[in-house]
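The next block holds one structure in the form of structure tokens; read it before the comments.
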Amino acid sequence: MATFSASSMWMWGGSDAFAEEDEDGQEIPAEQEIRWANKDSLIMLIDCSKPMFQLSRDNDLSPFQLSIKCARSVLMNKIVSSDKDLVGIVFFGTEKSGNPSDFKHVHILQELDSPDAQRILELDTLLADEDGSDFADNYGHNNDFSMNDALWTCSNMFSTSHQKIGHKRIMLFTNNDDPHQGNLSLKRLAQTKAKDLNDIGIEIELMHIQPAKGIFDVTKFYQDIVTVPEDEDIGVVPDASEKFDELLIRVRAKDHKKRSLMKIPLTLGQDLEVGVSVFSLCRPTARPSYVQLDSKTNQVVKTVTKHICEDTGSELMAADIKYYQNFGGERVVFEKEEVTEVKNFGKNGLTLMGFKPKSCVKRHYHVRSSYFIYPDETVILGSTRLISALLERTLERDVVAICKFVPRLASAPKFVALVPQREVLDEHKVQVEPPGFQLVFLPYAEDFRQLKFEETPAPMNEQVDKAKDIIKSLTFQYNPDKFENPALQKHYANLEALALDRDIPEEFIDYTEPDNENIDKRAGDHINDFIELTFPEGYDANTAQKGAAKRKTTSAAGGTAKKVKQEATDIDFQEYAQKGLLSKLTVNDLKVFCKSADIKCQGKKADLINAISAHFNVN
Amino acid sequence: MCNAPQGHASKLETSVNAINMIVSRKVFSQGHLANKDEFALILFGTQESDNELFEDGQYENISVVRPLGPPDLNFLRYIQTNISPGDEDADFLDALIVAMDLLKKSTSGKKFGDKRIIFFSDLGSPFANDQVEAITEGLKSLGIQLTVIGPDIDDDDDDDDDDEGVEDDRQNFTNSDSAHTSTSRKKRLTFHGKEKTPQQIAGESTLKKILELVDGDSHSLRSALSTLSFFQKRSIKMTTVFRGPLEIGSKLKINTYAYIKIREAKPESWKKLSAVSEASNQPGDMKVKIERSYHLNDEDETEIEKENLAKGYKYGKTIVPWLKIDEESMKLKAAKCLSVLGFTKSENVKRHWLMGDGVVVFMPSPNDEPAAVAFSALVQALYETDKVAIVRYVYRNNSQPKLGILFPQIKATHRSLLFIQLPFMEDVRQYTFASLSANKKNIPADDQLDLVDDLITSMELSHAYRDDDGELIEALKPKLTFNPVLQRSYQCIQHRALNPDDPLPRLDPVITRYLAPSQDITTTCAPHFQKIKDSFNISHVQKKKKRDDGTAASVFKDNIDLALDLDTSSKRAKSSNNDTEVDFSISSLSKETVAEIGTVQPVQDFKAMINQKDEDRFEEACKQMKSRIWQLVMDSIGSQLFPKAMDCLKSLREECIRLSEPSVFNQFLQDMKDKLSNAFGRDFWLLVVEGEVTLISAQESSESDISVAAAKSFLKSSDAKTEDNVKEVVEEDADDLLDMM
């Protein structure tokens with residue numbers, strides 16, 4: 001009874017965003033982009049005082065330019081992944097003032113709105129101004145700003161927005177750890193304002209950049225300004241960034257509100273449930289599809305879909321439609337409710353089935369992107385502590401929890417492995433792996449294809465060693481951050497050019513293209529050695545591939561498989577064997593020779609070589 | 001063959017089940033082009049004798065009941081209903097010959113990849129031994145494979161159980177392009193542990209001899225049934241998804257073929273059927289077609305003809321209209337390739353980065369020996385150094401490039417590289433999650449950790465499942481765990497096809513069994529659960545007061561609340577309104593969270609709830625507000641509570657505009673209009689009309705698709721029967737509005 005009443009509380013948790021099935025009740029591809037109904041809003045508040053324009057250390061960009069570059073990246077990222085979110089940009093420490101309350105030295109560059117082409121262009125202009133001279137002319141610098149005013153301006157921008165706003169966040173970019181040095185009243189004002197903002201749910205994130213001299217000291221001023229949301233508290237403040245990449249990682253971690261796909265119960269056993277939130281941390285961002293426009297006005301049109309009965313021509317309501325499948329040449333008809341019933345396997349949530357060693361979950365058990373599980377304390381008290389204990393012990397014992405996973409009511413059950421993950425911070429105290437469980441989907445028996453392969457030959461040790469040399473000289477530290485999706489980049493580069501009436505789209509680098517020049521330089525010698533060891537002279541991959549296809553088709557067409565092609569060869573096998581070059585010959589040649597020399601041997605090339613070597617007493 | 005202890009299926013019934021499963025697999029996979037399998041069914045031991053070889057005394061009691069052909073529903077119906085035990089004996093070798101003869105005659109001139117006889121019998125009846133040689137010669141020359149199911153002929157040599165073994169096993173039933181089943185109706189059995197008769201022992205030795213000579217295989221009924229207890233489609237034909245070289249640098253090219261190894265099997269899609277046509281006197285094809293129309297977002301929802309449509313892409317708020325010519329330039333031109341970008345330590349590629357819908361396996365091109373050697377060397381080297389390759393993969397020209405991992409897999413007979421897609425920068429969300437130790441009270445104590453330890457030990461699955469041989473093996477192995485949704489839909493479709501008037505069948509117990517933790521585990525672990533629950537103090541957050549969802553109980557209860565409130569609320573009505581306007585500061589709200597909209601200060605509660613910062617409760621708040629409005633209207637004595645209801649309605653409207661959710665309000669107003677046509681609530685509706693509480697128009701909220709005129713006429717039209725003066729008021733207002741525009 002207890003479990004029943006509890007389950008009704010989870011109903012709201014299954015967000016519609018987890019739309020796994022379309023209206024026909026068909027499962028759509030597992031990985032589709034999830035867009036949120038709520039609009040997030042983000043204001044980037046950028047310090048424009050002089051120090052922000054001074055080149056520091058070995059950077060070729062000023063802290064201000066780093067900030068603008070991040071802002072541009074945020075705008076682009078929003079366009080690509082959630083173009084309804086609102087973004088604003090506010091300068092402070094400028095000579096110029098531009099805001100509704102006429103605060104001095106606070107300038108609203110971009111009001112809170114969805115990003116568009118013009119806004120990107122504006123930032124590009126700022127970036128093009130390398131020495132900051134245009135900026136000095138257009139906006140100027142002035143240190144007599146009040147942080148209070150700057151924060152107030154942001155707060156007003158949130159509250160006067162006409163759109164329904166979900167999450168509100170300010171990112172503050174600065175390299176000055178004590179802007180109101182010696183002015184206690186300004187300090188107090190700013191701290192009070194920051195607290196007010198916090199009270200009405202506006203988060204303030206500090207994106208601090210290392211100053212030219214010394215270390216950014218958060219305790220001087222900003223520790224009373226920034227707010228760490230309870231659900232993101234990792235107990236330490238990250239270091240100030242120096243490099244663009246470092247800053248960008250921090251910005252990217254905060255530019256979207258963290259939202260769970262659903263909150264569901266994890267049932268460990270009879271009468272024992274804890275609450276968990278499910279997140280999707282890795283999912284494909286698809287190239288967007290087009291929208292339909294009225295060609296006269298370029299307005300977006302909406303599409304209305306009707307179901308029509310072909311026999312009677314009448315429009316069909318949902319109740320007028322039944323569903324069928326073809327089976328044995330006949331239609332087997334079901335009511336809509338029955339179709340739902342067929343897929344209904346009970347209430348949603350995770351059900352613990354048991355534990356297995358981590359090694360049971362093989363890497364190739366992969367059918368779709370995994371989710372991430374984090375305890376949720378809002379429905380069941382004690383969830384965090386129990387999940388925490390589970391995490392600790394499963395890590396310690398190197399086991400995973402096998403669960404049945406029903407994401408929503410009446411959706412298909414899957415078996416999943418909860419793989420424990422320890423929290424990891426990088427050297428700058430930025431969290432790179434959160435604590436929790438990765439939810440890995442396991443395949444079903446039906447998902448494995450039945451494949452039969454020919455035997456592959458065993459390689460010789462020297463070949464393997466050469467391959468190791470190649471691998472060693474081409475080893476790098478993989479990280480997904482390094483690769484942008486070239487198809488998306490191309491799409492948006494072209495769109496941007498069209499939106500801004502540029503003739504030529506901006507160039508972008510396709511980082512997924514192999515850098516063959518570099519590869520040849522680093523591993524060329526090993527590769528040449530490997531080729532020499534493995535491929536016969538005159539071998540051409542292209543013709544070999546065609547040959548393989550051709551031979552395959554001829555044998556499939558009913559011809560007897562050619563086993564050994566008889567060809568007159570005048571290779572001096574003894575010489576090859578003595579020089580250890582037998583591996584350069586084709587298997588065909590080796591087989592022909594074996595036959596002619598009456599050497600009893602079959603199978604792999606290595607075996608043939610060994611046999612021939614033995615024949616000539618070479619070893 | 002047809003006797004069995006009480007409560008057990010006879011061998012005949014079990015055989016029929018097995019045949020049913022084999023045939024229905026074929027029927028389920030008929031959608032596939034590759035599948036043109038044909039079946040025939042021969043029974044022996046029948047009363048009748050119906051076969052081409054039958055001549056007095058020869059080949060008696062053997063009936064070809066279904067000639068060779070593609071299996072259909074009638075075939076299944078026959079299996080289900082028409083096979084009944086007979087009393088006659090028939091020579092099983094005769095039956096084999098009839099089967100061979102049938103296959104020979106029916107397949108001559110046609111092309112079949114594979115011919116097979118699946119022979120079901122307990123070998124209980126006498127037979128003549130003189131034809132063994134003819135049979136083996138015949139099977140060999142015709143290329144017919146023989147599978148025997150039933151007798152327990154020494155279970156010696158079918159132990160090919162490596163990791164893939166189970167699948168291979170299954171193929172014995174599914175691989176043939178033409179199959180041929182026969183079954184016997186004889187008595188005497190060993191199925192339920194009875195001793196074999198001398199007759200059976202003799203039969204077995206003869207059959208064993210034949211099997212050895214023709215390299216056939218045999219299975220006990222029990223093992224056959226356990227492999228057949230799940231519906232399975234015929235294996236999908238092995239086709240390549242890529243053929244091309246694996247490239248490392250500009251010189252090294254290793255030719256490969258790629259195949260899909262793992263991909264989620266989805267149920268067949270449901271097709272729509274028009275129930276209108278079905279119910280009519282002359283149902284036609286009953287097809288349902290989809291018609292799309294395109295409309296402008298204006299007051300009349302002007303339809304736009306298809307030829308006047310253009311495409312556009314969104315760049316943030318900017319919409320870029322698209323000419324056809326541009327389309328191609330948008331797409332990345334990528335040549336088909338599989339190129340190594342570099343290698344990295346296996347552990348550098350985190351499990352949770354794996355993306356995409358499955359696994360692709362790369363093998364060296366067949367008949368390209370040097371490529372095979374190079375490929376093997378690379379796989380071996382990766383394996384020994386525990387490294388993986390990061391590759392760019394374009395499976396055909398101009399498809400979108402994918403980034404992926406290639407990792408080695410080494411099996412007894414072959415080496416392969418497995419490919420799984422990896423994310424691009426855009427695909428990874430780097431959220432920060434609070435440390436679990438951030439709050440001291442969440443750190444588990446040592447004794448609590450011990451409890452969890454005990455639980456893990458007692459719920460260990462690697463030796464939790466007892467297999468057919470009584471050995472404890474890993475439970476829920478993916479390769480042996482069937483998709484319940486697929487199994488269930490096969491079960492339902494087959495059941496409905498054969499019994500159109502029945503309700504859906506119960507979920508097959510073989511499925512139910514693995515969908516919940518085993519009884520053993522639940523029993524042994526029950527005390528652990530209780531201990532953990534107590535020690536960790538697991539408890540549900542006190543449920544908030546039940547929301548008003550219109551159930552009789554809640555309405556009744558609220559009525560009491562309301563009655564109690566009434567005297568105070570009338571006094572406070574004014575002041576509470578003032579509160580909302582004057583004293584409504586955001587900070588005062590954030591101090592307390594409002595769980596529910598009461599009847600005392602509904603407007604204030606509503607606003608407080610909406611502005612709650614920690615979570616979005618807009619929907620919940622609106623839902624409650626709506627039911628509060630209904631309640632106020634319905635409970636009002638005379639028009640006593642109408643002003644309050646009106647305030648609520650207006651505030652709902654306000655908030656819906658502010659938060660760009662006009663549809664919530666518009667839907668509600670429509671609802672109200674529909675329901676308040678009765679005399680009871682009508683007075684309130686008149687107030688709405690009078691107060692000019694219109695639908696939210698597009699002018700007020702960009703999200704609305706209601707024109708100003710439509711918003712206003714909505715009120716007007718509702719009042720066709722209203723007194724004239726109200727009508728006038730509305731029209732006047734409308735004019736004013738038009739003037740303003």
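Naming convention: chains lettered A, B, ... in sequence-line order (proteins, then strands); numbering from 1 in each chain.
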Given a strict heavy-atom distance threshold of 4.5 Å, which part of [X] is in contact with chain A: side chain, backbone, both, or neither?
X	value
B/Cys492	both
B/Gln494	both
B/Thr522	neither
B/Leu309	both
B/Val361	side chain
B/Ile456	both
B/Leu449	both
B/Pro423	both
B/Ile260	both
B/Leu252	both

Tell me if a side-chain donor or acceptor on [X] pairs with a main-chain N or O of [Y] at a distance below 3.5 Å.
X	Y	answer
A/Gln325	B/Glu268	yes
A/Glu446	B/Asn483	yes
A/Asp233	B/Ala434	no
B/Lys317	A/Asp116	no
A/Lys356	B/Leu476	yes
A/Asp311	B/Gly284	yes
A/His366	B/Ile420	no
A/Asp447	B/Ala265	yes
B/Thr481	A/Tyr444	no
A/Arg252	B/Val428	yes

Where does [X] contact chain B at under 4.5 Å (heavy atoms): side chain, backbone, both or neither?
X	answer
A/Ile321	both
A/Ile308	both
A/Lys404	side chain
A/Phe535	both
A/Val342	both
A/Ile519	side chain
A/Leu316	side chain
A/Tyr324	both
A/Thr512	both

Indicate whether the side chain of [X] and that of [Y] have a donor and an acceptor atom separated by less than 3.5 Å.
X	Y	value
B/Asn308	A/Ser295	no
B/Ser435	A/Glu423	yes
B/Asp427	A/Thr285	yes
B/Tyr315	A/Asn494	no
A/Thr475	B/Lys387	yes
A/Gln477	B/Asn348	yes

Do we get B/Lys479 above A/Phe448's six-membered ring, with its NZ or CZ under 6.0 Å from the centre and within 45° of the axis? yes
So, is the end of the B/Arg496 side chain (NZ or CZ) under 6.0 Å from the ring centre of A/Phe334 and within 45° of the ring's axis? yes
Looking at A/Tyr290, I'd like to know if its OH atom is crowded, meaning that more than 12 non-hydrogen atoms belonging to other residues, nucleotides or ligands lie closer than 6.0 Å. no
Counting only heavy atoms from other residues, nucleotides and ligands, does the tally under 6.0 Å from NZ of A/Lys306 exceed 12? no
Taking side chain as C-beta onward, heavy atoms only, is [X] less than 4.5 Å from [Y]?
X	Y	answer
A/Glu454	B/His414	no
A/Thr534	B/Pro370	no
B/Ile319	A/Val300	yes
B/Arg351	A/Gln438	no
A/Ile471	B/Leu378	yes
A/Gln299	B/Leu296	yes

Taking all atoms of both residues into account, what is the closest heavy-atom pair of [X] and [Y], and its distance?
X	Y	value
B/Leu515	A/Met353	C-CE, 4.1 Å
B/Glu426	A/Asn485	OE1-N, 3.0 Å
B/Thr432	A/Ala253	OG1-CB, 4.1 Å
B/Leu354	A/Arg363	CD1-O, 3.8 Å
B/Leu504	A/Glu338	CD1-O, 3.8 Å
A/Arg393	B/Asp453	NH2-OD2, 2.9 Å

Which residues pass the ring pair (Phe, Tyr, Trp, His ring centres under 6.0 Å) test with A/Tyr374, sequence neighbours left out? B/Phe433
Would you please name every residue forming a ring pair (Phe, Tyr, Trp, His ring centres under 6.0 Å) with B/Phe407, sequence neighbours left out? none
Inter-residue atom distance A/Leu281.CG - B/Tyr431.OH, 0.5 Å rounding: 7.5 Å
Out of curiosity, A/Leu488 CG to B/Leu332 CG, how far, rounded to the nearest 0.5 Å? 10.0 Å
Test A/Ser388 against B/Asn442 for side chain to side chain donor-acceptor pair (under 3.5 Å), laying out the working first. CA-CA 7 Å; A/Ser388 192; B/Asn442 290 333; over 6 Å; no
